[in-house]
Amino acid sequence: MNINAIREQFPILHQEINGHPLVYLDSAASSQKPRSVIDAVNRYYELDNANVHRGVHTLGSRATDAYEGAREKVAAFLNAGAPEQIIFTRGTTTALNLVASSYARSVCKEGDEIVITPMEHHSNLIPWQQAAKATGATLKYIPLQPDGTISLEDVEKTITPNTKVVSVTYVSNVLGLINPIKEITEIAHRNGAVMVVDGAQSTPHMKVDVQALDVDFYAFSGHKMCGPTGIGALYGKKALLNKMEPIEFGGEMIDFVDLYESTWKEIPYRFEGGTPIIAGAVGLGAAIDFLQEIGLDEIDQHEKRLAAYAYEKLSAMDDITIYGPKQNRVGLITFNLDDVHPHDVATVLDSKGIAIRAGHHCCQPLMRWLNVSATARASFYLYNTEDDIDRLADALLQTKEFFGHAIG
Ligand code: 7TS
């Protein structure tokens with residue numbers, strides 16, 4: 001990977017923030033966009049823009065081809081099998097809500113179980129709370145080990161023949177760990193449950209093959225993988241999608257409408273009511289091209305190298321707590337400096353041009369499990385370097401010194 005050539009393609013990185021060259025370490029919240037993605041969206045609006053799936057005019061067919069072409073790219077990217085198994089959504093949140101509101105509410109009843117973990121992002125937690133409340137099903141949690149990982153023994157104990165849905169994040173946005181999705185899926189299937197995966201933090205960083213994992217549903221967001229905001233997708237197995245009722249009704253998703261009854265189009269269109277996010281899909285397609293050109297394995301290795309370097313550097317500091325396991329870690333590191341509030345850490349770092357995130361990371365139950373109200377988090381992507389991590393470590397030392405003196 002030629003990191004300088006990659007960085008050249010991200011216009012936003014080449015600026016000063018508060019008098020310092022920007023170090024962007026918040027890609028887990030949203031990644032930056034390469035020129036090719038920005039250009040693809042601009043080109044679409046400048047040359048091809050029209051509504052899709054209607055009209056016979058040339059721009060309409062170009063827009064439709066661009067939108068459906070993006071669906072094919074997503075399907076190939078995830079090895080989905082067929083493009084109609086990809087439903088475009090606003091992102092991971094909307095995709096998970098679709099499964100919880102449509103699939104789960106139609107199959108679950110009292111006595112059934114929905115199984116998740118305490119490390120889930122609120123987007124993969126609240127939809128299941130709501131589905132459990134609406135159906136009378138019980139929400140159960142696979143417990144966490146002291147380092148935040150889950151053990152397959154606990155998975156075996158928690159999932160039972162009463163379990164209808166298991167939903168787990170592939171990668172934790174706080175602990176930086178990778179969950180054993182293939183193994184959990186096997187246990188879920190053995191008990192007759194479907195497996196849902198929150199792929200928000202995995203899809204941007206590693207090769208994902210939904211058929212090899214054998215998961216039933218897989219959700220992700222475009223904006224964390226070099227694509228635009230407002231676009232993401234849900235992958236689903238055909239037999240399940242075909243059984244699911246839409247949760248949004250209106251234009252484009254119908255087959256036949258009468259005064260008192262209507263019927264729906266085939267998948268995926270029945271789940272895409274209204275004018276879709278056409279430019280977003282085009283941008284997502286360009287992002288997939290960009291990532292594939294570099295290679296997901298290359299990106300994965302680069303980030304793992306950065307993660308190991310950051311872990312070593314930060315863990316050598318005094319008065320720092322790093323959360324999550326040391327091994328099997330993706331490119332993010334969540335930490336707290338003792339006696340300094342993470343918001344203060346992030347504010348001092350911003351004054352030095354370094355962007356990190358502080359807060360509960362939409363994981364309040366996990367924060368309570370960690371016994372903290374908030375943490376700081378630095379997250380890396382393909383455009384970050386060891387130099388960025390050196391800048392982070394230096395700035396953290398200065399932060400400690402500053403607050404140490406201020407407190408002392
Ligand atoms: N699931 C996980 C694991 C996430 O990390 C996020 C976003 C979502 C779901 C929701 O994605 P959205 O695109 O629908 O919003 N995570 C973060 C984060 O860690 N910091 O900001 C957003």
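Both counts, for ligands and for their atoms, begin at 1 and track the order of listing. When reading the values below, keep in mind they use all heavy atoms of this one structure, side chains included, and skip hydrogens, waters and symmetry mates. Because the structure is a prediction, the values reported are computed rather than measured.
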Note every protein N or O atom lying under 3.5 Å from an N or O atom of ligand 1, pairing the names and giving the distance.
residue: ligand 1; atom: 1 (N); partner: Asp198; partner atom: OD1; Å: 3.2
residue: ligand 1; atom: 1 (N); partner: Asp198; partner atom: OD2; Å: 2.5
residue: ligand 1; atom: 5 (O); partner: Gln201; partner atom: NE2; Å: 2.7
residue: ligand 1; atom: 13 (O); partner: Ser221; partner atom: OG; Å: 2.6
residue: ligand 1; atom: 13 (O); partner: His223; partner atom: NE2; Å: 2.7
residue: ligand 1; atom: 14 (O); partner: Thr92; partner atom: N; Å: 3.4
residue: ligand 1; atom: 14 (O); partner: Thr93; partner atom: N; Å: 2.9
residue: ligand 1; atom: 14 (O); partner: Thr93; partner atom: OG1; Å: 2.6
residue: ligand 1; atom: 16 (N); partner: His121; partner atom: NE2; Å: 3.4
residue: ligand 1; atom: 16 (N); partner: Lys224; partner atom: NZ; Å: 2.9
residue: ligand 1; atom: 19 (O); partner: Asn173; partner atom: ND2; Å: 2.9
residue: ligand 1; atom: 19 (O); partner: Arg377; partner atom: NH1; Å: 2.6
residue: ligand 1; atom: 19 (O); partner: Arg377; partner atom: NH2; Å: 3.3
residue: ligand 1; atom: 20 (N); partner: Arg357; partner atom: NH1; Å: 2.6
residue: ligand 1; atom: 20 (N); partner: Arg377; partner atom: NH2; Å: 3.2
residue: ligand 1; atom: 21 (O); partner: Arg357; partner atom: NH1; Å: 2.9

Exercise for the section: Please tell me if the side chains of Tyr269 and Glu252 come closer than 4.5 Å, counting only heavy atoms from C-beta onward. Expected result: no
Practice task
Would you mind reporting whether Glu248 and Glu272 have side-chain heavy atoms less than 4.5 Å apart?
Solution key: no
Exercise for the section: Using atom types as modelled and distance alone, determine if a side-chain donor or acceptor of Asp300 lies under 3.5 Å from a backbone N or O of Leu296. Expected result: no
Practice task
Could you tell me whether a side-chain N or O of Asp209 sits under 3.5 Å from a main-chain N or O of Gln211, the two making a donor and an acceptor?
Solution key: yes
Practice task
Answer yes or no: is there an ion pair linking Asp390 with Lys313, defined by an N-O contact shorter than 4.0 Å?
Solution key: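 Yes, charged N to carboxylate O under 4.0 Å.
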Handout entry: By side chain to side chain contact (heavy atoms under 4.5 Å, CB included) - contacts of Val166 (at least two apart)
Key =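 Listed in chain order: Val115, Ile159, Thr163, Val168, Ile184, Ala188, Ala193, Met195.
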